[in-house]
Protein chains: 2
Amino acid sequence: MQLEEGKERFIEAWGALGSSWGVTRTMAQIHALLLVSNVPKSSDDVMEELQISRGNVNTNMRMLVEWGLAYKKLIPGERKEFFVAEKDMSKVVKSIVIARKKRELEPMLRLLDELTGVDGNDAAAEDFRHVIRDLKLYSHKADSALDALVKVDSNWFFSTFLSMIK
Amino acid sequence: MQLEEGKERFIEAWGALGSSWGVTRTMAQIHALLLVSNVPKSSDDVMEELQISRGNVNTNMRMLVEWGLAYKKLIPGERKEFFVAEKDMSKVVKSIVIARKKRELEPMLRLLDELTGVDGNDAAAEDFRHVIRDLKLYSHKADSALDALVKVDSNWFFSTFLSMIK
DNA sequence: CCCCACTTTCAGTATTTACTGAAAGCTATG
DNA sequence: CATAGCTTTCAGTAAATACTGAAAGTGGGG
């Protein structure tokens with residue numbers, strides 16, 4: 001396979017994968033483009049290579065930076081902004097976990113807290129509170145586990161985790 | 001808060017949460033409805049309570065069953081099919097992990113295998129292969145970790161995992 | 001073997017989500 | 001302090017996704 005074809009297929013696949021991980025298709029494609037590029041890219045470069053509009057590039061670039069999946073790279077003598085990808089996959093995963101935890105898990109925990117206070121002493125209310133309590137317990141565990149995951153070094157995590165389960 | 005209001009808010013929130021986990025909004029809402037209901041529900045019940053069409057209920061119900069998030073429950077003397085939710089959250093998470101791993105991670109692993117074979121001996125091709133090799137290594141680790149996760153008992157997992165990272 | 005109660009399918013439609021492009025906003029430089 | 005070079009914003013539009021409802025399919029009971 002030729003290098004160019006390889007890059008294209010990778011960008012496409014990374015976009016598809018991203019879109020099911022809360023990263024939009026285009027955001028993931030820009031990340032992929034930067035990943036397989038050894039030089040920093042400007043908005044114009046990305047516009048041309050992915051055939052997308054300036055506004056789209058700008059919005060998604062800023063999102064990538066916000067999520068910690070790409071960085072601005074200023075090139076001396078250039079007024080344009082250039083970008084490079086975060087290439088350490090453990091950092092990429094951590095960033096995504098953190099962003100989604102905040103967006104999704106934390107609001108759910110808050111809701112579950114509220115819902116343990118529903119009125120009523122009948123069986124129906126008791127049952128409801130029981131389900132909610134179970135979920136809350138589980139969600140808190142998941143929350144702690146994810147917190148831990150993003151704190152530890154990924155090599156340590158994987159090697160220890162895998163040796164645990166062998 | 002009244003029980004009914006609590007249930008409604010829970011169904012709505014669970015739907016929103018699900019929709020960012022690859023489970024569609026409606027699918028998650030049906031699951032939530034079954035979760036907070038202690039009796040099995042028929043299609044007609046769900047249609048009425050969530051105000052959605054028969055086709056929609058049918059499609060999403062079958063998906064829930066396919067994913068292992070709900071089960072058919074036959075009630076003697078009834079011709080209708082009834083459904084109950086899987087209430088064990090560790091099973092719910094496992095089911096979702098398995099479904100998504102198959103859909104997403106495995107195709108990516110296959111692609112990465114192909115891409116290590118791109119032609120060329122120049123620096124550009126070497127760099128590309130290097131990025132791909134890194135991703136492959138990381139993806140395989142993630143794949144193994146997820147395989148392990150779905151195999152182990154969740155209480156064991158959490159307690160051991162948390163004690164590791166303390 | 002046909003009817004009735006139910007389930008499934010799917011073309012059409014509605015809703016949500018993402019993208020475009022032009023205009024407005026910055027900011028370094030002369 | 002005016003302009004050129006670049007970035008940001010956002011109303012309008014396109015594309016993707018989910019839902020509806022009616023018609024077709026299925027199978028148990030009479």
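Order of the sequence lines fixes the chain letters, A, B, ..., with proteins taken first and strands second; residue numbering starts at 1 for each chain. Values below: every heavy atom of this structure, side chains too, minus hydrogens, waters and symmetry copies.
Put simply, CG on Leu74(B) is 10 Å from P on dT7(C), counting in whole angstrom units. At whole-Å resolution of the value, CD in Glu78(A) and C1' in dA28(C) are 14 Å apart. If you take CD of Glu81(B) and P of dT26(D), they are 15 Å apart, rounded to a whole angstrom. Distance CE (Met63(B)) to C1' (dT8(C)): 14 Å, rounded to an integer number of Å. The separation between Lys80(B) atom NZ and dC4(C) atom P is 18 Å, rounded to whole Å. For the pair Asp44(A) CG and dT8(D) P, the computed distance is 13 Å after rounding to whole Å. Here dT17(D) presents its C1' atom at 15 Å from CE of Met27(B), a figure rounded to the nearest Å. Taking atom CZ on Phe82(A) and atom C1' on dC6(D), their separation rounds to 11 Å, with Å as the unit.
Leu3(A) and Ala124(B) get closest at one heavy-atom pair: CD2-CB, 3.7 Å.
Other residues, nucleotides and ligands contribute more than 12 heavy atoms inside 6.0 Å of the CD atom of Glu106(B).
Taken to the nearest 0.5 Å, the CG atom of Leu33(B) stands 4.5 Å off from the CD1 atom of Ile11(B). Taking NZ of Lys136(A) as the reference point, atom CG of Leu115(A) lies at 9.5 Å (rounded to 0.5 Å).
Of the listed nucleotides (dA4(D), dT7(C), dG27(D)), dA4(D) has the atom at the smallest distance from the side chain of Arg79(A). Taking the side chain of Asn58(A) as heavy atoms from C-beta on, and the options dT9(C), dT9(D), dT7(C), the nearest nucleotide is dT9(D). Comparing dT8(C), dC19(D), dT9(C) by their nearest atom to the side chain of Lys72(B) picks out dT8(C).
Of the residues in residues 47-55 of chain A, those with a non-hydrogen atom less than 4.0 angstrom from any atom of DNA chain D are Arg54(A), Gly55(A).
OP1 or OP2 of dT9(D) has at least one side-chain nitrogen or oxygen of Arg62(A) nearer than 4.0 Å. A sub-4.0 Å separation between OP1 or OP2 of dT20(C) and a side-chain N or O of Asn56(A) is present.
Glu81(A) has no carboxylate O lying under 4.0 Å from a charged side-chain N of Lys73(A), or vice versa, which leaves the two without a salt bridge. Checked for salt-bridge contact, Arg9(A) and Glu12(A) miss the test: no charged N lies under 4.0 Å from a carboxylate O. A salt bridge does not link Lys87(A) with Asp134(B): none of the charged nitrogens is closer than 4.0 Å to a carboxylate oxygen.
Ranked by how close their nearest DNA chain D nucleotide is to the 5' end, Val57(B) and Phe83(A) are led by Phe83(A).
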